[in-house]
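Remarks on the structure that follows.
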Amino acid sequence: MKIRASMAGDVAEIKALMNHVMETGLRKDAKTGEIVPAHHITNVTATVGGKVVLDAQWGGGISKNPYLAFKVKGAKAGDKVVIETLDNKGEKDSAEADIG
């Protein structure tokens, strides 16, 4: 996962690119014809300066390698941004960046 965070006035703009296959469980393998098992991110949590600013529940309808962007008011340069994900197989990922 890659995160970029910058200030624009009094608002922090946070962008994250997540690496994940995001399989819906509805697609068939072209070679075998069998259903590819579901494997997708179910929860995304973002904190800025230790405070939760985003808590999202996702399903299989999100594209492969999802891109997430959001803005946070009240943050300041130097605050730490942490984004954590959990998928339907229990796999976790996280990344952090400082707001520049």
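Bear in mind that the values here come from a model prediction, so they are computed numbers and not experimental data. For this chain, numbers begin at 1 and follow the sequence in order.
The same ILVMFWY cluster, assembled from side-chain heavy atoms under 4.5 Å apart, contains both Val53 and Ile83. Tracing side-chain contacts under 4.5 Å through hydrophobic residues (I, L, V, M, F, W, Y), one reaches Val81 starting from Leu54; they form part of the same cluster. Hydrophobic clustering (side-chain heavy atoms under 4.5 Å, transitive across Ile, Leu, Val, Met, Phe, Trp, Tyr) keeps Leu86 apart from Met18. Clustering ILVMFWY residues whenever any of their side-chain heavy atoms sit less than 4.5 angstrom apart, transitively, puts Val21 in a cluster other than the one holding Met1.
Separation of atoms CG (Asp10) and NZ (Lys71) is listed at 11.0 Å; rounding is to 0.5 Å. Atom CD1 of Ile14 is separated from atom CZ of Phe70 by 4.0 Å, given to the nearest 0.5 angstrom. With rounding to the nearest 0.5 Å, the separation of NZ in Lys80 from OG1 in Thr47 is 9.0 Å. Lys15 contributes atom NZ, which lies 13.5 Å from atom CD1 of Ile3 (distance to the nearest 0.5 angstrom).
Minimum interatomic distance between Gly25 and Ile35 (heavy atoms only, all atoms of both residues): O-CG2, 3.2 Å. Between Ile62 and Pro66, the shortest heavy-atom distance links the atoms CG2-CB, 3.7 Å. Summarising the geometry of Gly100 relative to Ala77, their closest heavy-atom pair is O-CB, 4.4 Å, with the distance given to 0.1 Å. Contact record, Ser94 with Glu84: CB-CG, 3.7 Å, taken as the closest heavy-atom pair. The heavy-atom pair separating Thr32 from Asp29 by the smallest distance is N-OD1, 3.1 Å. Scanning all heavy atoms of the two residues, the minimum distance from Glu23 to His40 falls at O-CD2, 3.5 Å.
The shortest distance between side-chain heavy atoms of Asn88 and His39 falls below 4.5 Å. Met22 has its side chain within reach of Ile41: a pair of non-hydrogen atoms, C-beta onward, lies under 4.5 Å apart. The shortest distance between side-chain heavy atoms of Ile99 and Val48 falls below 4.5 Å.
Side-chain atoms of Asn65 come within 3.5 Å of backbone N or O of His20 as a donor-acceptor pair.
Atom NZ of Lys92 is surrounded by 12 or fewer heavy atoms from other residues, nucleotides or ligands within 6.0 Å.
Shown are Asp87, Val44, Asn19, Thr85; of these, the side-chain contact (heavy atoms from CB on, under 4.5 Å) with Asp93 is made only by Thr85.
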